[in-house]
Amino acid sequence: KAGVTQTPRYLIKTRGQQVTLSCSPISGHRSVSWYQQTPGQGLQFLFEYFSETQRNKGNFPGRFSGRQFSNSRSEMNVSTLELGDSALYLCASSLGRWSSYNEQFFGPGTRLTVL
Amino acid sequence: AQTVTQSQPEMSVQEAETVTLSCTYDTSESNYYLFWYKQPPSRQMILVIRQEAYKQQNATENRFSVNFQKAAKSFSLKISDSQLGDTAMYFCAFTETNSGYALNFGKGTSLLVTP
């Protein structure tokens with residue numbers, strides 16, 4: 001099985017722009033979660049989607065949004081970019097929210113740089 | 001709020017030796033899951049080992065084992081026969097029903113395995 005894929009792998013944007021990141025989960029996985037990784041704050045949960053619905057949301061401003069499509073692929077969008085949004089954005093997929101293992105498989109991440 | 005604390009930002013171990021990475025967490029729930037994830041340099045995060053809180057037996061995966069002390073809320077990772085390929089950031093993570101299964105990560109421990 002192919003692993004979790006994320007596109008693009010690298011992005012450079014300027015302040016005020018918006019950006020859309022994409023994540024394709026492992027085939028058969030229905031839950032997709034997004035995390036932001038920065039040197040200062042570490043790994044922080046952004047949101048989770050399951051069956052095209054946002055099921056859980058972390059403590060991030062409304063500039064961060066996402067969606068999930070019927071094929072479980074997910075996108076996240078960040079509007080009005082700020083310098084502090086520079087980070088590695090990780091997507092993780094899992095079989096489902098009620099899996100007793102709750103194992104999340106991570107993608108390689110998208111490195112976003114905001115200038 | 002749940003917190004995960006990794007008190008060792010950096011550690012070093014020689015090849016073939018044993019090293020233990022510490023992790024403590026805080027929760028008021030009785031049912032939860034604990035994980036150790038490994039993030040090699042410039043490579044994606046992978047699950048090393050997981051532990052269900054209701055299981056008293058410590059999890060083991062080949063050279064990796066955990067010491068789960070539920071009362072003390074401690075979850076340390078022991079790596080035996082360390083190999084150069086074990087060099088990576090190691091993250092302790094925690095999830096529970098109340099958090100909607102979002103992973104709550106510690107700040108990480110950077111492990112360097114030297115020849």
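Labels below follow one simple rule: chain letters A, B, ... track the order of the sequence lines, proteins then strands, and each chain is numbered from 1. This structure is a prediction, so every number in the text was calculated from the model and none was measured. FYI, side chains are in, hydrogens and waters are out, and symmetry mates aren't considered; it's all heavy atoms of this structure.
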Cluster link [X] to [Y], ILVMFWY, side chain under 4.5 Å:
X	Y	value
A:L88	A:M76	no
A:F106	A:F47	no
B:L84	B:L112	no
B:Y25	B:Y90	yes
B:L21	B:L34	yes

Would one find more than 12 heavy atoms of other residues, nucleotides or ligands at under 6.0 Å from atom CG of A:N71?
->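 Yes, the 6.0 Å shell around CG holds more than 12 heavy atoms from other groups.
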Is B:K70 atom NZ crowded by more than 12 heavy atoms from other residues, nucleotides or ligands, each under 6.0 Å away?
->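 Atom NZ in B:K70 is crowded, with more than 12 foreign heavy atoms closer than 6.0 Å.
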Quick one: are B:Y37 and A:Q104 in side-chain contact, heavy atoms under 4.5 Å?
->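 B:Y37 vs A:Q104: side chains touch.
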Side chain to side chain, B:Q44 and A:V4, heavy atoms closer than 4.5 Å |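 No. Closest side-chain heavy atoms not under 4.5 Å.
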Gap separating the [atom1] atom of [X] from the [atom2] atom of [Y], nearest 0.5 angstrom:
X	Y	atom1	atom2	result
B:Q39	A:L90	CD	CG	6.5 Å
B:I46	A:F105	CD1	CZ	11.0 Å
B:T95	A:E103	OG1	CD	13.0 Å

Highest number of heavy-atom pairs under 4.5 Å with chain B: which of A:R111, A:Q41, A:Q44, A:Q37?
->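 Answer, by heavy-atom pair count under 4.5 Å with chain B: A:Q37.
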Where on A:Q6 is there a heavy atom nearer than 4.5 Å to chain B: the side chain, the backbone, both, or neither?
->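 For A:Q6, neither part sits under 4.5 Å from chain B.
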Heavy-atom distances under 4.5 Å only: say whether A:Y35 touches chain B with side chain, backbone, both or neither.
->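 Side chain only.
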Counting N and O atoms only, with roles assigned by atom type, does the side chain of B:K107 sit under 3.5 Å from a partner on the main chain of A:P39, one being a donor and the other an acceptor?
->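 It does not hold such a pair.
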Any chance the rings of B:F105 and A:F45 have centres within less than 6.0 Å?
->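 Distance test on ring centres: not under 6.0 Å, no.
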